Amino acid sequence: MGTLPHAFSLFALILLLTSGTGADQSTKTQAIFKGSTGIGAIVDTSSRIGKEEIVAMEVAKEDFYSFGNLTFLLINDSQKDTIHAALEAKDLIDTRQVQAIIGPQTWEEVSLVAEIARETQVPILSLADTAPEWAPERWPSLLQASPDKRAQMKAIAAIVQSWNWHQVIVIYEDTDSSARGVIPHLHDALREVNSEVSQFVAFSPFATSDSMSKELENIKSKQFCRVFVVHLSFKLAVRLFEMAKKMEMMKKDYVWITTDPFTSLVHSINASVISSMQGILGVRSYFPKMGRRFETFNQRFRTRFSRKFPLEEKKEPGIYAVQAYDAMRTIALGLNKAGSKGGGKELLENILDADFRGLSGKVKFKNQKVAAAEIFEIVNVIGTGYNELGYWTYWSNGSGFSENIHENSTYNSSMIDLEQVHWPGGPRYTPRGWTTLTSAKLFRIGVASLSGYEEYVKVESDDRLGTNFSGFANEVFKATTASMPFFPPYEFQYFNGSYNELVEQLHLKNFDAVVGDVEIVASRHQYAEFTYPYTETGLVLIVPVRSSSKAWSFIKPFTATMWVLISVITVYNGFVVWWIERKHCDELQGSIPNQIGIMIWLSFNTLFSLNGPKLHSNLSRMSGVVWLFVALIIIQTYTANLTSMLTVQRLEPTIPTVEELLNSNAMVGCCTGSYTERYLAEVLKFKSQNLLHFQSAESYAKGFEDKKISAAFLGTPFAKIFLAKYCNSFIQIGPPYKIGGFRFAFPRGSPLLASMNEALLNLSENGTLQELEKRWITPQKCPKMPSDSSSLGPSGFRELFFITGGTTTIAFVIYVCHTNLLRHKNVWGIISAVLKRWLSSRRHFTSRRVAKVEIPPKAFPEAPVSLA
């Protein structure tokens, strides 16, 4: 309610209490019978809820109050007015002297009734849906006898999530209990499933048809969202749906979801009224409609209800009836325990000790409240009645939908697996939940107009055609939104300012999203949330290139390891040839320095000629031929590789590393208005005065040409374009720094972000993103700069080295053995002597004594000769 009516209610309550305390108690009507027990109830006797509660309490009186002293059930009519409900409460407490009061139905009425009963401590069993957390402390005698149904807002959010709707319109009754107790929970529950309320529409309890029609027309003409959550009292909701049907808002693409105050009475709707509600999806409190106790109650309730209210077509009891029945049973148990004279605080304590399973479920008070509702039923209005589609259950570790309620139930996070929903417009058509309207407010998409790379963002203004937005970033955004099941109609608007200022516009609500070459950084995250990157992430260093020096080019065809190995093999082959030929040629003899020089000369001379006539031994010729064959292959490979290196232009960076760039104190270029400057100064430790700003690839090239900068840091997407244009003049140095990446920005908490990310992933997986990149960013493939890795190593010549080294070794071994054999005539004597010495050594080590071995005088030559 508004402030003025609420103040008036409090003022009337004060007058009411004042008049009551000054009255003469002798004038009050006493209880009808002395020693009798009175139980009061305050209900709206004209409403369906009040009628069900009256009949249920009368049935309960017959069941639980037939023992002991006479019990009176005194039911007063609130007449749908909070002040009148307070007057009736004062009458029941002061005049009728009841022991306890059941009701009323709304929190506004309950709060006034509890204030009246504050001094007398008469227990008040409230049947309102919710109560503030502070209520038990202010009114100790106030008990919440109906389960808190705020968990149903999570059930509604789960329904919205099941069909991937991200925008809803909430229509609620402008009362304190709705505005303060329920709607905030609905808002939070929707945010948890990445949905948001696009508009709140509040209707007064006394709203006229004209005011309701204007609100609906305003929604229909200006809002693209078509998912409605209705939290209204029953009669107001009926009027709303009748009006909506007249305005053609109960057809295709519309979704209507109702909460407990309406849905729990859907069983009572007449056939003439329900025709305007086809396709409504509702959430209502669950209670078990089985068992002997319920069947007995149901039969008696129907009989009494049809007799008491013959004009009502539907006789079925609902949640309000079984809650009133259980409230009567709770008071009966308390009175039975306290005795006929027990009342006030004693009766309150006994009621709080109640612990039983009633028709509505478990009844046990904790903090003056029964346990919150955990199971809700999902119903769908169709034809002249409704279908029970399934259930939504909430527990401490999660929640889910199920087709039934038992221990082995299977729970799913989505209700799609439940029975088919009959939506407005047809049972087989799932509403999109939105429509495109020319009069609706378009989403404003901010585009960075300062981008120097038209390949990514291109803004063209024309006086006749208007502003045209193109480029890779804009096309990716268009493709992404087109692939989403829902995205509001939008328009691009260019922004002249820095990237930080552009992102900040989201926080200021000047834009609904930002598109362009916008990169994510921590400082921007306080204003917006970002999608997944749609380009490569990173920051790279670009420097000019220069021709490499050719002074030592002759050694670069082979690696250092290869040169060492060639030298070793060459010297080894020369040594073996010299050893074999030294006794046959006088030139190979002489002083030691002279022989060393000749050996080295012979080693490298073999690379170019066999020297066949000068070699006297076949062994040296065999070694020389194999080495000459390998040498020819090595020489030809060297010549070819050296020719390639000298023919192809080789480029090398002017600055090889970031560290050298830092030490040189050179000027460095970076993008205008980007995060790069702060990153270079704070992270890479470049001096701020050494940083110059540039906006486009051409301006960078001009800066290099004019010697204004020695290097530049570019984002990976920009570096691709820059190097494609100037591939022969610049080169990337080192790996990229993993930061940044182009992304779309949305306001913090935007429900569209999750769907946008999913759509971007789908575009990447189905190849659409790659096709757009080829279309808009087609970098020419720059020839790769030859590197030192073209120098050949020993891996490709391993087998050749094994062949020549093995051949030379075999020749050397044969020569040594042949020389020793010529010096010893008795070969078998040598072998026999060796065997005898070996055998004698074996006996020496086994018997630990030295055995004398006689050696034939002609077994060995006079001079010792090495066998190795």
Side-chain angles (χ1 to χ4, degrees), residues 1 43-44 46-53 56 78 80 82 85 103-111 126-131 144-157 159 168-187 189 200-207 212 228-242 244 256-269 273-274 276-277 280-287 314 316-324 360 372-373 375-381 386 392:
M1 297 193 319
V43 299
D44 177 13
S46 65
S47 68
R48 173 70 186 210
I49 295 177
K51 294 174 182 179
E52 288 192 12
E53 290 175 344
S78 67
K80 296 186 291 185
T82 55
Q105 190 64 39
T106 67
W107 169 247
E108 290 76 17
E109 296 172 351
V110 169
S111 59
S126 168
L127 296 179
D129 287 345
T130 59
Q144 180 73 22
S146 62
D148 190 333
K149 301 181 180 67
R150 285 179 291 190
Q152 72 174 307
M153 300 306 160
K154 291 185 177 293
I156 291 173
I159 294 175
V168 301
I169 296 174
V170 176
I171 301 176
Y172 68 98
E173 194 163 344
D174 190 11
T175 59
D176 284 349
S177 58
S178 293
R180 299 180 183 178
V182 176
I183 300 304
H185 290 273
L186 175 60
H187 180 267
F200 287 100
V201 180
F203 285 141
S204 165
F206 312 104
M212 296 178 69
F228 299 91
V229 176
V230 179
H231 185 72
L232 298 175
S233 60
F234 181 75
K235 290 186 177 180
L236 194 59
V238 170
R239 292 175 56 203
L240 172 72
F241 292 126
E242 289 176 345
W256 295 89
I257 304 173
T258 58
T259 58
D260 194 74
F262 172 80
T263 315
S264 288
L265 292 173
V266 72
H267 64 279
S268 67
I269 303 177
V273 178
I274 205 170
S276 62
M277 306 174 185
I280 289 176
L281 197 63
V283 177
R284 69 178 183 181
S285 298
Y286 164 79
F287 64 94
K314 304 295 181 68
E316 180 185 349
I319 184 65
Y320 300 108
V322 295
Q323 286 177 354
S360 63
I375 304 176
F376 295 91
E377 193 172 11
I378 313 298
V379 300
N380 184 208
V381 177
Y386 62 92
W392 183 86

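In this chain, numbering begins with 1 at the start of the sequence shown. Everything quoted here is computed from the prediction, not taken from an experiment.
Using a 4.5 Å heavy-atom cutoff, the side chains of V229 and L186 are in contact. The closest side-chain heavy-atom distance from K80 to S46 is below 4.5 Å. With a 4.5 Å cut-off on side-chain heavy atoms, R239 and F203 do not count as touching. You'll find the side chain of I378 reaches within 4.5 Å of the side chain of L281, heavy atoms only. With contacts defined as side-chain heavy-atom distances shorter than 4.5 Å, the pair K314/I269 does not qualify. Residues V182 and M153 are in side-chain contact: their nearest non-hydrogen atoms beyond the backbone lie under 4.5 Å apart. Contact of the K154 side chain with the W392 side chain is registered, since non-hydrogen atoms from C-beta on lie closer than 4.5 Å. Within the 4.5 Å cutoff, the side chain of V273 has heavy atoms near those of the E242 side chain.
Here the OG-NZ distance, from S268 to K51, works out to 9.5 Å after rounding to the nearest 0.5 Å. One finds the OG atom of S264 at 12.0 Å from the CZ atom of R48 (value rounded to the nearest 0.5 Å). To the nearest 0.5 Å, atoms CD1 (I319) and CD (E377) are separated by 10.0 Å. The line from CD of E108 to OG1 of T82 is 7.5 Å long, rounded to the nearest 0.5 Å. Taken from CG in L232 to CD1 in I171, the straight-line distance is 7.0 Å, to the nearest 0.5 Å. Rounded to the nearest 0.5 Å, atoms OG1 (T106) and CG (L127) are 11.0 Å apart.
Donor-acceptor pairing under 3.5 Å is recorded for the side chains of S146 and Q144. Looking at E173 and S233, their side chains do bring a donor and an acceptor atom within 3.5 Å of each other.
Closest of all the heavy-atom pairs between V266 and V379 is CG1-CG2, 4.5 Å. Nearest heavy-atom pair, E316 versus Y386, reported as atom, atom and distance to 0.1 Å: OE2-OH, 3.8 Å. Nearest heavy atom pair, residue V322 against residue S360, reads CG2-CB, 3.8 Å. L236 and S204 make their closest contact through CD2-O, 3.7 Å (heavy atoms, listed as atom of the first residue, atom of the second, distance). The heavy-atom pair separating A131 from W107 by the smallest distance is CB-CZ3, 4.0 Å. Closest heavy-atom contact between P261 and D129: CG-OD2, 3.8 Å.
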- Message: Run the side-chain contact (heavy atoms from CB on, under 4.5 Å) test on H231 and V170 for me, step by step, so that the C-alpha distance in whole Å, both residues' side-chain angles and the decisive distance to 0.1 Å come before the verdict.
- Response: CA-CA 8 Å; H231 185 72; V170 176; 5.6 Å; no

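T263 places a side-chain N or O within donor-acceptor distance of the main-chain N or O of T258, the cut-off being under 3.5 Å. Listed for the T259 side chain is a donor-acceptor partner under 3.5 Å among the backbone atoms of V230. Counting only distance, with no hydrogens or angles, the side chain of N380 and the backbone of I280 share a donor-acceptor pair below 3.5 Å. Judged by distance alone, the side chain of D260 and the main-chain N or O of S285 form a donor-acceptor pair under 3.5 Å.
For F376, there are no ring-ring contact (aromatic ring centres under 6.0 Å, His included) partners two or more places apart in sequence or in a different chain. Shown here are the side-chain hydrogen bond (donor to acceptor under 3.5 Å, both in side chains) partners of H267, two or more places apart in sequence or in another chain: E52.
Residues F234 and Y320 keep their aromatic ring centres 6.0 Å or farther apart.
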